[in-house]
Amino acid sequence: MHLAEATAASLDAIIERWYALATEMEAHDGLNKLTHTNIDEVNVDHFREHLGDSDITNYRVIHEDETIGFITLREGCNPSRRYSHYIRIVNLYIDEKHRSQGHGTDVVEHVKEIARERDCDHLTVSCDWHNEEARRFYYDTDFRPKQIDYVQRLE
């Protein structure tokens, strides 16, 4: 398994998996409701912008020459903190038929390597509170709870 940085030619594979992830997330909270009724309505330009953004990187997850998922990373800094330079896992998705085979754990290990190469001192990630599978996965890959985000929908 390895990560391949997304290119303009591979955006369709990223978008397809982002849409699958976003659709799955709808079940965990009403604020996750998509505005798109199908994948053809997704704004491709949003993903093209990532290609030129030095703080955001999308990778395809490759296993045996097949794309089986994707991950979006955002690099950031909190200059007032001792542990200030981080990579945030924004999206992580493994195709359903490839789950529970260690690929997600392998992806996290690769992200750790990327973070070390960039002199980061920690990783961050968040998931919906009701997404027990994701919470269990992150706990099992040695993430620990640090804070809770609260949201309030405005009418």
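The shown structure was predicted, so the numbers you read here are calculated from the model rather than taken from an experiment.
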Quiz prompt | Close side-chain approach of Tyr59 to Ile114, heavy-atom, < 4.5 Å | solution = yes

Exercise. Please report the C-alpha distance between Leu3 and Arg60 in whole Å, then the side-chain angles of each, then the deciding distance to 0.1 Å, and finally whether the side-chain contact (heavy atoms from CB on, under 4.5 Å) criterion is met.
Key: CA-CA 6 Å; Leu3 301 180; Arg60 291 180 301 131; over 6 Å; no

Exercise. Write down the atom of Thr67, the atom of Ala13, and the distance for their closest heavy-atom approach.
Key: CG2-CB, 4.3 Å

Quiz item: Can we call the ring centroids of His122 and Tyr83 under 6.0 Å apart?
Solution: no

Quiz prompt | Any side-chain donor near an acceptor of the partner, Thr37 and Glu41, under 3.5 Å | solution = yes

Practice problem: Run the ring-centre check on Trp18 versus Phe70 and record whether the distance is less than 6.0 Å. | Solution: no

Quiz item: Do the side-chain N and O atoms of Ser84 and Asn78 include a donor-acceptor pair separated by under 3.5 angstrom?
Solution: no

Quiz item: From Glu5 CD over to Leu51 CG, what is the distance, rounded to the nearest 0.5 angstrom?
Solution: 8.0 Å

Quiz prompt | Donor on one side chain, acceptor on other, Arg88 and Ser126, under 3.5 Å | solution = yes

Self-check item: Over 12 foreign heavy atoms within 6.0 Å of CD, Glu26
Solution: yes

Quiz item: Would you say Asp29's side chain and Leu31's backbone share a donor-acceptor pair under 3.5 angstrom?
Solution: yes

Quiz item: Would you say the side-chain atoms of Asp121 and His85 include a donor-acceptor pair closer than 3.5 Å?
Solution: no

Quiz prompt | Nearest-0.5 Å distance that lies between atom SG in Cys127 and atom CZ in Phe143 | solution = 10.5 Å

Quiz item: About how many Å separate NE2 of His103 and OG1 of Thr105, when rounded to the nearest 0.5 Å?
Solution: 10.0 Å

Practice problem: Could you pull out the closest heavy-atom pair between Tyr19 and Leu34, with the gap in Å? | Solution: CE1-CD1, 3.9 Å

Quiz item: Crowded around Arg116 CZ? As in, over 12 foreign heavy atoms under 6.0 Å?
Solution: no

Quiz item: Checking salt bridge (charged side-chain N to carboxylate O under 4.0 Å, His left out) for the pair Arg99/Glu24: CA distance, chi angles, key distance, verdict?
Solution: CA-CA 14 Å; Arg99 293 180 189 168; Glu24 285 182 21; 2.9 Å; yes

Practice problem: Write down the atom of Val107, the atom of Met1, and the distance for their closest heavy-atom approach. | Solution: N-CE, 3.7 Å

Practice problem: Nearest 0.5 Å please: distance from the CD atom of Glu113 over to the CZ atom of Arg118. | Solution: 12.5 Å

Quiz item: Can Gln101 and His63 be counted as having a side-chain donor-acceptor contact under 3.5 angstrom?
Solution: no

Quiz prompt | Asp55 backbone acceptor or donor facing Asp53 side chain under 3.5 Å | solution = yes

Exercise. Mind running side-chain contact (heavy atoms from CB on, under 4.5 Å) on Leu21 and Asn91 for me, showing each step along the way?
Key: CA-CA 8 Å; Leu21 171 65; Asn91 298 307; 3.7 Å; yes

Exercise. Treat each ILVMFWY residue as a node, draw an edge where side-chain heavy atoms are under 4.5 Å apart, and state whether Val125 and Val108 are in one component.
Key: yes

Quiz item: Could you state the interatomic distance from NE2 (His50) to CG (Asp45), rounded to the nearest 0.5 Å?
Solution: 11.5 Å

Quiz prompt | CZ (Arg135) with more than 12 external heavy atoms under 6.0 Å | solution = yes

Quiz item: Which distance, rounded to the nearest 0.5 Å, do you find between the CD1 of Ile14 and the CZ of Arg48?
Solution: 13.5 Å

Quiz item: Do any N or O atoms from the side chain of Asn32 and from the backbone of Met25 form a donor-acceptor pair under 3.5 angstrom?
Solution: yes

Practice problem: For the residue pair Val90 and Ile56, establish whether any side-chain heavy-atom pair is separated by less than 4.5 Å. | Solution: no

Quiz item: Which atom names give the shortest non-hydrogen contact between Leu73 and Ile89, and what distance separates them?
Solution: CD2-CG1, 3.9 Å

Exercise. Answer yes if Phe47 and Val61 sit in the same cluster of Ile, Leu, Val, Met, Phe, Trp and Tyr residues linked by side chain heavy atoms under 4.5 Å apart, and no otherwise.
Key: no

Quiz item: With no hydrogens and no angle check, is any side-chain donor or acceptor of Thr141 less than 3.5 Å from a backbone partner on Phe137?
Solution: yes

Exercise. Answer yes or no: is there a side-chain heavy-atom contact under 4.5 Å between Gln147 and Asp149?
Key: yes

